[in-house]
Amino acid sequence: MAALRDDAVTVLGGWPRLRKEPATLAPRPNLLDYEATRAAFSWEAARAGLSGLPGGGLNIAHEAVHRHAEGPRAGKVALRWIGKDGSRRELTYAALASDVRRFARALGTLGVRPGERVFLLMGRIPELYVAMLGALSAKCVVSPLFSAFGPEPIATRIGMGQGAVLVTTPELYRRRVEAIRSSLPSLRHVILVDRGGEAEAPAGTVRWAELFDGASDAFSVPATDPEDLALLHFTSGTTGRPKGAMHVHGAVLTHYVTGLYALDLHEDDIFWCTADPGWVTGTSYGVIAPLVHGVTNLVVEAEFDAQTWYSILAAEKVTVWYTAPTAIRMMMRLGAEAVRGYDLSHLRFMASVGEPLNPEGVMFGVEAFGRPFHDNWWQTETGGIMIANYAAMDVKPGSMGRPLPGIEAAIVQRQPDGTVRVVDEPMVEGELALKKGWPSMFRGYLGEEERYRKCFAGDWYLTGDLAKKDEEGYFWFVGRADDVIKSAGHLIGPFEVESALMEHPAVAEAAVIGKPDPIVGEVVKAFVALKPGFSPSEELRRDLLGHARKRLGPAVAPKEIDFRESLPRTRSGKIMRRLLKARELGLPEGDLSTLESDERPAAERSP
Ligand code: AMP
């Protein structure tokens, strides 16, 4: 093990625990004493860190930009953007607020009303941030989409969300949206961020520059109730369409508190969250939390490349870095030596989220950067970090840490009568549950009350994750209780992938699993049974892979496809993905009592 860069962290007995010496840490961590902070914490008192709107109102964009633009941070850099080609753009809080107001006003000019849904489909370009904060300022509901989605996931989400506005780029519009536009009657406006100066905007679209350039920025944030809807984040379940998790403006209090305690943000920080705002981490922590704290938020347009990332960390003097296990594992492949030669002396705190971070990943941080990666846990539904390893708290590599002050977490076991039993004994596996009522808790799944209701048992929100809690209150991730797939930190619903495969003329049935992968956690693997008249071939496999990629986009499409005569189903007709997975991995097949006895070839099934 390489020597630690300072004496703030010491390794005891192999690597079971990284001991922190809080008194030696500089700057002083915001959460110095976990127990004391937790005991004294109240959400009401935490609101003092926000400025609010008259009459108890809260608006995310007001807290993130407008209030800073009117105060001493007006001239401070809010967004520092580094483009794919190395170009740079900096926006101070005052400049960002002005652009944000201009966009909010433009929405009004287009006749877009508060509460209407504004979808964003772009790479990490400055306009994405302006549009998001502008729409929030105008009290529209923002739904960011990942730019690597294909037409199918885009159409499903805009359709479900009844999107009134889409902000995208000419290229993405042409490749992913134009063909589905007629299936989206709610979509009144498509705004194209035309950075290259396209000759003419396609019919039915308006150029960003046309709306924006020379327009007035006279706009003030209207009265916003903390319970007003702000964000619509789609997430995946095992069955059915994606779920639209609805979040309110009051969530900004969680963003503030987690920025303070879990990310330990301080006034002079240069913060870099590597997540894309198309996923919840990239919104809550790639946009909102750092700006609420008034720090400088670094935005990097390019995708992962270890050497590029190291040079950015060094050149930009990043102090707090929030990234993900897939990236950490890719860096590990190159070894700690690849980091040598970069001056990373400014880097103070490193955190990770989105998938299990193996102990080796935590220790790689120590070896390569002189700091452990601090794992934390949350999900789309929770809106913000719920469990974390804090700057001043000992790290147990492999553990997600302890609940945020203000959050009560427990391991529960579901009972036959629908209630849950809280497991008090340490290291007993159960479902991770959170006592409901924190500010960023999702307020519903769009149009699916029953699905939402089923997430709760009494006062507990049931997360769908299996975990354990040790005698010191640290939580340990065990796995998902359902069949959703986590690939490179992105949650993928098997049903969405299966549905796209089933649209191919050769496919009779399809089942999709997550196949363990040492770098990205899981890769999407599909099994298909063919219709009569089709037979398995390399060519057909390639055709199916291409079909899925075209419909779903590279982020969601399967990477592997195997042919099967038939797929195992329960007597009630459900495909047994778990059995396919067990067979694929050579694991015990488990309880087969519900397996349909004759796995008849798909061709013989009635449709
Ligand atoms: P998403 O809603 O896309 O953010 O995905 C949330 C899911 O990612 C959680 O329910 C977990 O299954 C997984 N996850 C998030 N953070 C962690 C973590 N630190 N360790 C293990 N799994 C995690």
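Note that ligands are numbered from 1 as they come in the structure, with each ligand's atoms numbered from 1 the same way.
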- Below 4.0 angstrom, N of the basic side chain to O of the carboxylate: do R551 and E496 qualify? no
- Task: Report the nearest protein non-hydrogen atom to atom 16 (N) of ligand 1: residue, atom name, distance rounded to 0.1 Å.
- Result: G354 N, 3.2 Å
- Note on the structure: Honestly, for W279 the part within reach of ligand 1 (heavy atoms, under 4.0 Å) is neither
- Closest protein heavy atom to atom 9 (C) of ligand 1, given as residue, atom name and distance to 0.1 Å: D465 OD2, 3.2 Å
- Task: Tell me whether the centres of the aromatic rings in Y285 and F271 are closer together than 6.0 Å.
- Result: no
- Can you tell me if N297 and Y129 form a side-chain donor-acceptor pair at under 3.5 Å? no
- Compute the ring centroids of W377 and W476, then answer whether they are less than 6.0 Å apart. no
- Item | Per-atom contacts, ligand 1 versus T380 - under 4.0 Å to a heavy atom | 1 (P), 2 (O), 3 (O), 4 (O)
- Could you tell me which atoms of ligand 1, counted from 1 in the order shown, lie closer than 4.0 angstrom to a heavy atom of P356? 20 (N), 21 (C), 22 (N)
- Y322 ring center within less than 6.0 Å of F349 ring center: no
- Looking only at protein heavy atoms, what sits closest to atom 8 (O) of ligand 1 is K486 NZ, 2.9 Å
- Item | Minimum-distance protein heavy atom relative to atom 6 (C) of ligand 1 | Q379 CB, 3.3 Å
- Message: Is it the case that ligand 1 has an N or O less than 3.5 angstrom from some N or O of T463?
- Response: no
- Query: In terms of residue, atom name and distance, what is the protein heavy atom nearest to atom 18 (C) of ligand 1?
  - Reply: E355 O, 3.5 Å
- Task: With heavy atoms of R480 as the reference, note each atom of ligand 1 found under 4.0 Å away.
- Result: 7 (C), 9 (C), 10 (O), 12 (O)
